[in-house]
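Written below as structure tokens is the structure these notes are about.
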Amino acid sequence: MITVIVTSWKEPKTIGKCIKCIADSSYSGIASTFEILQISPDKETLDAGLKAAKELGLKRSQYIQIQDPQKGKPYALKLAIEQAHGDILIFTDGDTYFERDSVKYLLEPFEDTSIGGVSGRPVSGDSKTNMMGYWGHLLSDAAHHRRINTMSEKNGNYYTSRKQFFPMSGYIMATRRLSFPIPHNVLSDDAYISYSIRNEGLQIAYAPLAKCYVKYPTNLKDYYKQKVRSLGGFIQL
């Protein structure tokens, strides 16, 4: 079984598209047996997610809501992982959406038993016609090139690295079922999970055809806030 964990807060306008692009198997390539766990603290986002699930005709076993107690994202992930039934866990956010067949490409590397985690490719969904939008495209494309150069060993549609690796992206990543706790105060959960997988002797893969469209900061204040948090997370690790 595949479990998809969607963390979302104050995103009632986007959560429906996020759920639909995953749950529609003809679009995403997801396996027939799956469950989507949406964990949100606010009623508006939970209601919007439920509406999308009903429109898709998802069964209660396929779509499950978890009330986020707002103790931080690591705590929310812990709650979701504890309720997950899948052997493979896919993580994403409620303000993103996947490209066609992204789930299929994200799962493909797990045929190799040495791989413990897979990152997809975040792509900016913003316009390039302004400075912040241009930066979003520039930085997401730079991360893509860094990953394929770091993970230089290509196997079909995906890349792996043996001695080096580049952390997965929390916008679109998948792991085998986690056997380690995520500290409640960790600032960069995706990087922490990436390092933990490597410390267990498993590989990280990169599947660039598994694309996730992301809305990046639209002003300098939010941009600096995001980058400071990211940098602080790596210093903490």
Side-chain angles (χ1 to χ4, degrees), residues 1-9 11-40 44-66 80 83-111 115 117-127 136-137 140-141 143-144 147-148 155-159 168-177 190 205-216:
M1 174 182 276
I2 306 299
T3 295
V4 182
I5 296 174
V6 183
T7 52
S8 186
W9 179 57
E11 292 158 345
K13 294 182 179 180
T14 58
I15 186 67
K17 186 173 184 177
C18 174
I19 291 172
K20 288 177 181 178
C21 76
I22 295 170
D24 182 351
S25 59
S26 64
Y27 177 89
S28 68
I30 197 168
S32 57
T33 306
F34 70 90
E35 61 180 4
I36 296 175
L37 307 185
Q38 178 194 341
I39 180 160
S40 304
E44 293 78 11
T45 305
L46 289 169
D47 288 348
L50 182 60
K51 179 181 178 182
K54 287 182 177 179
E55 290 175 352
L56 287 165
L58 297 182
K59 302 175 183 178
R60 290 186 177 181
S61 61
Q62 292 178 309
Y63 174 74
I64 300 162
Q65 288 191 336
I66 303 172
Q83 295 193 38
H85 296 94
D87 299 314
I88 302 293
L89 311 181
I90 296 175
F91 300 86
T92 191
D93 294 337
D95 61 346
T96 68
Y97 66 95
F98 288 4
E99 176 63 274
R100 178 178 292 275
D101 289 329
S102 286
V103 174
K104 180 184 73 173
Y105 291 122
L106 196 64
L107 298 177
E108 184 180 327
F110 288 109
E111 295 176 4
I115 290 175
V118 181
S119 179
R121 177 184 178 181
V123 177
S124 176
D126 300 326
S127 170
H137 281 274
S140 60
D141 287 351
H144 164 66
R147 283 190 170 96
I148 61 175
N155 300 281
N157 294 318
Y158 63 91
Y159 297 80
M168 297 182 292
S169 168
Y171 291 121
I172 176 169
M173 69 178 187
T175 71
R176 297 191 187 276
R177 188 166 185 85
D190 47 1
Y206 175 49
L209 295 179
K211 297 179 181 179
C212 177
Y213 292 95
V214 179
K215 184 172 179 59
Y216 287 100

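Heads up: numbering here begins at 1 and tracks the sequence. Just so it is clear, the model here is predicted, and its values are computed rather than measured.
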Exercise. Start with the C-alpha distance between Y206 and H144, add both sets of side-chain angles, then the distance that settles side-chain hydrogen bond (donor to acceptor under 3.5 Å, both in side chains), and finish with yes or no.
Key: CA-CA 9 Å; Y206 175 49; H144 164 66; 2.7 Å; yes
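Using modelled atom types and a 3.5 Å distance limit, the side chains of Y158 and E108 yield no donor-acceptor pair. Looking at Q38 and Y63, their side chains do bring a donor and an acceptor atom within 3.5 Å of each other. Judged by distance alone, the side chains of E11 and T14 never bring a donor and an acceptor atom under 3.5 Å apart.
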Under 3.5 Å, which donor-acceptor pairs link side chains of residues 88-98 to any protein atom two or more places apart or in another chain?
{"from": "T92", "atom 1": "OG1", "to": "T96", "atom 2": "OG1", "distance (Å)": "3.0"}
{"from": "T92", "atom 1": "OG1", "to": "Y171", "atom 2": "O", "distance (Å)": "2.6"}
{"from": "D93", "atom 1": "OD1", "to": "T7", "atom 2": "OG1", "distance (Å)": "3.0"}
{"from": "D93", "atom 1": "OD1", "to": "K73", "atom 2": "NZ", "distance (Å)": "3.4"}
{"from": "T96", "atom 1": "OG1", "to": "D93", "atom 2": "O", "distance (Å)": "2.8"}

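Side chains of D141 and R121 form a contact here, defined as non-hydrogen atoms less than 4.5 Å apart. At a threshold of 4.5 Å between non-hydrogen side-chain atoms, the residues V4 and L37 do not count as touching.
Distance alone, capped at 3.5 Å, is enough to place a donor-acceptor pair between the R177 side chain and the G86 backbone.
D126 and K215 are joined by a salt bridge, as a carboxylate oxygen and a charged side-chain nitrogen come within less than 4.0 angstrom of each other. Using a cutoff of 4.0 Å between basic side-chain nitrogens and carboxylate oxygens, E55 and K20 are scored as salt-bridged.
The side chain to side chain contact (heavy atoms under 4.5 Å, CB included) with I36 is formed by just one residue from the set T3, I2, I19, L56; it is I19.
In this structure, OG1 in T175 is found 6.5 Å from CZ in F110, a value given to the nearest 0.5 Å. With values rounded to the nearest 0.5 angstrom, L209 atom CG is found 9.5 Å from D101 atom CG.
The cationic atom of R100 (NZ for Lys, CZ for Arg) does not lie both less than 6.0 Å from the six-membered ring centre of Y27 and within 45° of the ring axis.
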